[in-house]
Amino acid sequence: MSDVIWVYGEVVDGAVTSTTLEMVTKAAAVGTAEAILLGPAPDDAVALLGEHGASKVYVSPDPVFRDYLTLPAATVVESLIRQHKPALVLFASSYGGRDVAAALSAALDCGAITDVADFTLTDGAVEAKIPALGASYWNTATLVHDDVKLLLVRPKSFEPAPNPKTPVVEEVAAPADAELCKVRLKEKVVAKAEGPQLDGARIVVSGGRGLAAEENFDMLRELADLLGGAVGATRAVVDSGWVPYSLQIGQTGKTVKPDLYIACGISGAVQHLAGMKDSKLIVAVNKDAEAPIFQMCDLGIVGDVFKVVPQLIEEIKARR
Amino acid sequence: MDIVVCGKIIPASTVTIEIDPATKRMIRKGVAHELDPAAASAVEEGLRLMEQEGGTVTLVTMGFNEITIGVRTALAMGATSAVHIFDDALAGSDALATAKALAAAIGKKPFDLIICGTESSDSYSGIVPGQVARLLGVPPVTFANEMSVEGNTLTVKRQSESGYDVVEADLPALVTVTSGINEPRYPQLKGIMAAKRKEIVQYSAADLGLGAGDVGEAGARERVLEVGRPPRREAGDVVEDDGDGGKRIADFLAEAKVI
């Protein structure tokens with residue numbers, strides 16, 4: 001049985017994503033890791049994939065993969081899979097990864113397990129660990145067919161680690177079919193980044209519906225600034241338009257694992273807990289003593305977030 | 001413009017969903033159901049487009065009897081008609097099997113646009129729309145925060161890691177919308193009354209040309225082997241704020257050497 005595991009690599013904002021490197025690290029630990037990198041990539045991309053354990057990289061620098069979404073990539077990966085028959089293909093649970101995986105699953109009539117947090121590969125059989133229903137359950141799932149299997153992996157499921165290889169590079173041809181250019185990227189708009197990015201922040205100060213209004217996020221920004229941390233939010237807050245989607249933490253947003261997570265006015269819906277439950281320390285402030293967040297915090301204050309947070313800010317300033 | 005909205009009717013948000021250890025599936029029978037909020041956003045977006053362009057909005061959904069209530073909600077909001085794929089043989093379908101059934105039902109009639117939520121609020125796989133698009137051979141445009149149709153072109157603002165992308169596609173196409181795209185309307189009495197007279201077409205798996213190898217438990221590629229509860233994180237100190245809540249947190253942060 002093949003132990004070759006492919007990683008569908010992604011470049012976002014000019015850099016290979018950390019989830020790509022996490023997946024390559026894991027793939028190299030479980031089997032033979034190979035990566036696919038379609039579209040323009042930074043010069044050191046192949047070397048970076050090799051450093052994390054990729055022994056082969058399929059590349060195409062063709063801008064068609066950047067300028068036209070999903071279809072060119074899905075078509076090329078489909079023919080590569082048919083040709084090389086890897087055991088598994090890993091995709092990030094990202095905007096791009098999910099679309100390509102969905103198209104491939106339908107095209108190849110093969111299963112795709114989503115939201116994978118860990119997996120094993122034994123004699124071609126895959127077992128995947130999935131946090132279900134907002135991590136209130138852990139399911140173990142498998143795919144029962146013989147041919148290639150697709151896994152969509154949650155970001156930050158694995159630690160990227162050095163495992164140096166000198167990858168064989170195979171250039172793949174870009175498709176020339178106009179039919180594949182039906183989803184056109186016209187413009188990329190970068191939202192004004194405020195403060196440190198959530199990804200990689202050691203401290204996250206996060207707000208929920210309990211903050212009641214957009215302007216009350218200023219208080220969290222001040223607290224985050226004082227602590228050198230980043231601001232995050234729940235889906236309810238993002239859906240209300242108070243803060244941009246890039247700050248959303250949860251099953252449908254970012255997954256964070258900071259050293260310290262301060263949850264302000266967050267009840268702890270399963271959707272949110274899925275994105276922050278692995279934080280090392282969790283502090284929660286909420287007026288409702290029954291809020292689920294209190295069942296998983298290290299310190300919980302049942303109280304008014306508009307009193308507790310300003311007092312905390314003053315205390316931190318005073319202790320400097 | 002003929003719009004198909006693909007959406008799910010799911011256990012109501014007031015229900016704590018459990019997994020049946022025997023079947024390893026969510027317990028769906030016998031619990032209150034509602035139109036998935038993600039699907040309601042898709043219905044709303046379809047209705048706005050229909051109000052602007054004319055045409056129809058057809059809800060296509062799959063599930064057992066309990067879900068009729070959610071189908072009625074979509075019709076009461078203003079959807080023109082509904083297609084309910086309803087067959088015991090479909091129980092245990094995985095994402096791809098679900099997509100096959102939906103695609104077969106949608107493909108029975110010509111359409112201009114399929115609108116779905118980005119993912120359902122109960123299982124979150126988020127891949128069914130992309131599979132449906134591929135099965136029907138239409139381009140998928142996902143994660144739309146805003147969408148518009150001009151002539152034959154769909155334009156969306158698509159969420160991205162760092163902001164948004166402006167993406168366009170020619171119709172017919174499939175688009176998935178985020179829950180932030182709109183505030184779904186509440187059904188009004190008039191709509192609720194009108195919904196009673198609207199058509200709900202029911203299809204069985206056989207009506208859709210699907211056999212046991214395609215759908216249901218037997219057709220599922222994915223199988224759940226084990227259902228478990230994760231170890232509970234031990235709850236720490238939870239205290240009432242006696243006016244020193246902020247100080248207590250500061251003490252805690254000092255102890256943890258954060259400040």
Side-chain angles (χ1 to χ4, degrees), chain A residues 12-13 69-71 95 98-99 101-103 105-107 110-115 127 133 135 137-145 182-191 227 238-239 241 245-246 251-252 260 281 283 294-303 308-309 311-312 315-316 319, chain B residues 17 19 24 94-96 99 118-119 124-127 129-131 133-135 139-143 145 158-170 179-180 221-230 233 235-241 245-250 252-254 256 258-259:
Chain A
V12 172
D13 300 329
L69 307 187
T70 312
L71 302 173
Y95 302 113
R98 198 147 77 157
D99 288 354
S105 151
C110 67
I113 304 181
T114 55
D115 226 15
E127 281 197 10
L133 298 175
Y137 287 90
W138 275 93
N139 289 354
T140 307
T142 190
L143 293 167
V144 293
H145 55 90
K182 280 183 169 170
V183 186
R184 306 178 286 271
L185 175 62
K186 303 302 284 185
E187 191 187 353
K188 283 192 85 69
V189 179
V190 177
L227 296 170
V238 171
D239 283 353
Y245 176 78
S246 57
Q251 188 139 8
T252 45
L260 170 66
L281 290 175
V283 173
F294 286 132
Q295 287 166 24
M296 58 180 305
C297 64
D298 299 280
L299 174 66
I301 304 291
V302 182
V308 176
V309 173
Q311 188 182 57
L312 172 59
E315 278 296 315
I316 295 171
R319 296 183 192 198
Chain B
I17 309 176
I19 296 180
K24 302 187 180 67
D94 61 7
L96 183 58
T118 48
E119 56 205 346
Y124 291 107
S125 89
I127 57 170
Q131 291 169 329
R134 179 63 175 79
L135 292 168
V141 184
T142 57
F143 276 95
N145 269 339
R158 178 181 197 247
Q159 261 170 26
S160 73
E161 280 82 357
S162 51
Y164 66 88
D165 296 341
V166 179
V167 176
E168 54 172 55
D170 297 332
S179 58
R221 305 286 190 271
E222 180 174 350
R223 198 146 301 164
V224 178
L225 299 171
E226 206 181 311
V227 176
R229 293 280 193 176
R233 196 184 168 111
D237 292 337
V238 178
V239 292
E240 287 282 340
D241 178 26
K247 287 197 184 80
R248 274 173 174 269
I249 298 176
F252 178 84
L253 298 186
V258 173
I259 56 173

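Side chains included, hydrogens not; waters and symmetry mates left out as well; all remaining heavy atoms used.
- Of the listed residues Leu253(B), Val227(B), Val167(B), Val166(B), the one with more heavy-atom pairs under 4.5 angstrom with chain A than any other is Val166(B).
- Taking each heavy atom of Ala107(A) and Arg134(B) in turn, the nearest pair found is CB-NH2, 3.3 Å.
- Looking at Gln159(B), both its backbone and its side chain come within 4.5 Å of chain A, counting heavy atoms on both sides.
- Contact of Leu71(A) with chain B is made through the side chain alone, with heavy-atom distances under 4.5 Å.
- Contacts between Leu69(A) and chain B at a heavy-atom distance below 4.5 Å involve the side chain alone, from C-beta outward.
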Under the criterion side-chain contact (heavy atoms from CB on, under 4.5 Å), I'd like the reasoning laid out for Val302(A) against Val239(B): C-alpha separation, chi angles, the key distance, then a yes or no. CA-CA 6 Å; Val302(A) 182; Val239(B) 292; over 6 Å; no
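- Put simply, of Gly246(B), Gly236(B), Ala169(B), the one with the most heavy-atom pairs under 4.5 Å next to chain A is Gly246(B).
- The candidate from Ile259(B), Val258(B), Asp170(B), Val141(B) with the greatest count of non-hydrogen atom pairs under 4.5 Å with chain A is Asp170(B).
- Interface remark: Val12(A) contributes side-chain atoms only to the contact with chain B (heavy atom separation under 4.5 Å).
- Contacts with chain B were tallied for Thr70(A), Leu227(A), Asp99(A); Asp99(A) has the most, counting heavy-atom pairs under 4.5 Å.
- A donor-acceptor pair is defined here as one N or O able to donate and one able to accept, closer than 3.5 Å; no such pair exists between the side chain of Tyr95(A) and the backbone of Phe143(B).
- Proximity to chain A involves both the backbone and the side chain of Ile19(B), based on heavy atoms less than 4.5 angstrom apart.
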Verdict with reasoning, Arg98(A) to Thr142(B), per side-chain contact (heavy atoms from CB on, under 4.5 Å): CA-CA 10 Å; Arg98(A) 198 147 77 157; Thr142(B) 57; over 6 Å; no
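- For Val189(A), the parts lying under 4.5 angstrom from a heavy atom of chain B are both the backbone and the side chain.
- Between the CD atom in Glu168(B) and the NZ atom in Lys182(A) there is a gap of 14.0 Å [rounded to 0.5 Å].
- Comparing Asn145(B), Asp94(B), Val224(B), Asp165(B) by how many heavy-atom pairs each has under 4.5 Å with chain A, the most go to Asp165(B).
- Remark: Arg319(A) CZ to Lys247(B) NZ distance equals 9.0 Å, nearest 0.5 Å.
- The two residues Ala250(B) and Leu312(A) come nearest to each other via the heavy atoms N-CD1, 3.6 Å.
- Interface remark: of the candidates Ser160(B), Ala256(B), Ala95(B), Ser160(B) forms the most heavy-atom pairs closer than 4.5 Å to chain A.
- Note that the CZ atom of Arg158(B) and the NZ atom of Lys188(A) stand 8.5 Å from one another [nearest 0.5 Å].
- Proximity to chain A is limited to the side chain of Leu96(B), based on heavy atoms less than 4.5 angstrom apart.
- Atom CD of Glu119(B) sits about 9.5 Å away from atom OG1 of Thr114(A), to the nearest 0.5 Å.
- Using a 4.5 Å cut-off between heavy atoms, Leu260(A) touches chain B through its side chain atoms alone.
- If you measure heavy-atom distances from Asp237(B) to chain A, the contacts under 4.5 Å come from both the backbone and the side chain.
- Note that CZ of Arg223(B) is 14.5 Å distant from CG of Asn139(A), once rounded to the nearest 0.5 Å.
- Trp138(A) contributes atom CH2, which lies 14.0 Å from atom CZ of Arg229(B) (distance to the nearest 0.5 angstrom).
- Proximity to chain B involves both the backbone and the side chain of Ala112(A), based on heavy atoms less than 4.5 angstrom apart.
- Heavy-atom distances place both the backbone and the side chain of Tyr164(B) under 4.5 Å from chain A.
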